[in-house]
There are 2 protein chains.
Amino acid sequence: MHFRKTTEYAIRVMVFLAENAGKRFSVNALNKTLDIPYKYLGRLMNQLAQKGLVEVTQGKYGGYLVNADRLSEIYLYQIVDAVEGLQDYDRCILGFPQCSDENPCALHHLWMEQREAIKNMLYSNSLADLLKNNFSRR
Amino acid sequence: MHFRKTTEYAIRVMVFLAENAGKRFSVNALNKTLDIPYKYLGRLMNQLAQKGLVEVTQGKYGGYLVNADRLSEIYLYQIVDAVEGLQDYDRCILGFPQCSDENPCALHHLWMEQREAIKNMLYSNSLADLLKNNFSRR
DNA sequence: TTTAATTACCACCTTTCGGTGGAATATACA
DNA sequence: TGTATATTCCACCGAAAGGTGGTAATTAAA
C-alpha cells in the first residue's frame, strides 16, 4: 500500500514551495535541497506547471514558484491527481466489476472505509492547512 | 494509492479458498474461476504455500487448500506481507529520514493516521472475520 | 548582440512488476 | 509400471515506472 515515488516527489516539492511561497527556485536549486534526481525533477516540474499547480518562468533567473495567495486553493488531491490520477480510489480491491454497496465483496466495507478516509484527507487539506499544522481530519 | 496487482490477486485467491475451506483446487480450477493468469497464478500459489498460508499437495488430484480451522489464524497482514511486504507502512511520505512524532514533516500526523488505520485493518481481520461479514474496525 | 542560466522537448536507458513457455518432478490410480 | 494430471523450477518476455543525456528554445543582463 503506497503512493508512487513520483507522487511522493510531487508532494515533497509542493510542500517545499509552499513553505517558501513567493520565492522562485530553479530545478537545480530544488534538486540540491530536495534530493530528487535532477532530470526527473525537471520533467516533474514541467508537469506540475502544465497542470497549473506551480508558476513557471523560463530563461535566465527563471524557475518555479507557488504564490502565497494560492496556498489555500491547492489541495493534496490535485497534486496526486496531477501525477498518478485518482482512479485507484474507486476500484474493488478484489477486482470484481459488479462490486458495490448493494452487492459487496468480502472486503468491500472494510476497504471502502479506508479509501474514503484517505480521499477525505486528500480533499480536505490544502497546502495552507499543512503549513498551519492545522490538519483537517475530515 | 494502491496495492500491487499481485497483492490483489493474493487476497482474491485467499478469500476464495476461505469461502471454500477444506476443498482442494488446482491452479487450473482457480484460474478459471478467479480470472488470474494461469502461469502467474501458479507462481503465486507456490509462494503462498511456501509462506505457509495455504496447504499444497503435488501430483495428480493435487492442488491448494485452506483448512477451515485455520481461517481464524490467517490475517490480512500476512497475505500482504507474503507478497509485497509491510515496509511501506513505516516510511515518511516526504522521504525525510529524520521524520518522527517529535520531529514531524508537514504531513506526518495526517499520514500516520491513515497508515495506522490501514495497518489496524490488516492486523485485526482474519479470513474468518471476512467470511462472517463481521469486519473488525480496530 | 553575445553570453550564461534557465526551462522544454525528445529519445533512450534501467529496474521492477506482471506475465509466459517449457521441461522436470511428483503422485494417484488403472 | 505406465499414464494422466498436478506442482515446481528456470529462463525469458513485455510493459510501465523511474531515471539519464543531449540539444533547442527562452530570457536577463553585461
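Chain naming here is simple, since letters A, B, ... match the order of the sequence lines and numbering starts at 1 in each. Just so it is clear, the structure is predicted and the values come from calculations on it, not from any experiment.
The nearest whole Å value for the distance from the CG atom in B:Asp88 to the C1' atom in C:dT16 is 14 Å. As a whole-Å value, the separation of B:Leu65 CG from D:dT7 C1' is 14 Å. Rounded to a whole Å, the CZ atom of B:Arg12 is 12 Å from the P atom of C:dG18. What separates NZ of B:Lys5 from P of D:dA16 is a distance of 10 Å, to the nearest Å. For the pair B:Leu44 CG and C:dG18 C1', the interatomic distance rounds to 11 Å; values are reported in whole Å. Between the C1' atom of D:dG21 and the CG atom of A:Asn31 lies a distance of 15 Å, rounded to the nearest Å. In this structure, NZ of B:Lys51 is placed 15 Å from P of D:dT8, rounded to the nearest angstrom. Atom-to-atom, CZ of B:Phe3 to C1' of C:dG18 comes out at 18 Å; the value is rounded to the nearest Å.
For A:Tyr38, no side-chain nitrogen or oxygen approaches OP1 or OP2 of D:dG21 to under 4.0 Å. For the pair B:Tyr9 and C:dG19, the criterion of a side-chain N or O lying under 4.0 Å from OP1 or OP2 is met. Contact annotation: B:Thr6 reaches the phosphate of C:dG18 (side-chain N/O to OP1 or OP2, under 4.0 Å). Residue A:Asn46 places at least one side-chain N or O closer than 4.0 Å to OP1 or OP2 of C:dA8.
Of the listed nucleotides (C:dC9, D:dT26, D:dT7), D:dT7 has the atom at the smallest distance from the side chain of B:Ser26. Taking every side-chain heavy atom of B:Pro37 into account, C:dG19 is the closest of C:dG19, D:dG18, C:dA4. Candidate nucleotides D:dC9, D:dG19, C:dT7 were compared by shortest atom distance to the side chain of B:Gln50, and D:dC9 ranks first. Closest approach to the B:Lys39 side chain among D:dG19, C:dG19, C:dG22 is made by C:dG22 (side chain taken as heavy atoms from C-beta onward). Residue A:Tyr40 places its side chain closer to D:dG19 than to any other of D:dA17, C:dA28, D:dG19. Distance from the side chain of B:Gln58 is smallest to D:dT8 among C:dA28, C:dG18, D:dT8. Checking C:dC17, C:dT7, D:dT7 against every side-chain atom of B:Arg4, the shortest atom distance belongs to C:dC17.
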message: What verdict does the ring pair (Phe, Tyr, Trp, His ring centres under 6.0 Å) test give for B:Tyr64 and B:Phe25, after you've listed the backbone C-alpha separation in whole Å, the side-chain angles of each residue and the deciding distance to 0.1 Å?
response: CA-CA 5 Å; B:Tyr64 302 89; B:Phe25 294 88; over 10 Å; no

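When each of A:Leu41 and A:Gly59 is assigned the nucleotide of DNA chain D bearing its nearest heavy atom, the one mapping closer to the 5' terminus is A:Leu41. For the pair B:Phe25 and B:Arg43, nearest-nucleotide mapping onto DNA chain D gives the more 5' position to B:Phe25.
Under 3.5 Å, the side chains of A:Asn120 and A:Glu116 contain no donor-acceptor pair of N or O atoms.
A:Arg24 contributes no side-chain N or O that forms a donor-acceptor pair with the base of C:dT6 under 3.5 Å.
Using a cutoff of 4.0 Å between basic side-chain nitrogens and carboxylate oxygens, B:Arg91 and A:Glu8 are scored as salt-bridged. Under a 4.0 Å N-O distance rule, the pair B:Asp90/B:Lys119 qualifies as a salt bridge.
Residue B:Gly63 is classed as a sugar-phosphate contact, given heavy-atom separations below 4.0 Å to backbone atoms only.
Within the 4.5 Å cutoff, the side chain of B:Glu84 has no heavy atoms near those of the B:Thr6 side chain.
The aromatic rings of A:Tyr40 and A:Tyr9 sit perpendicular to each other, their planes meeting at more than 60°, with 30° as the lower class boundary.
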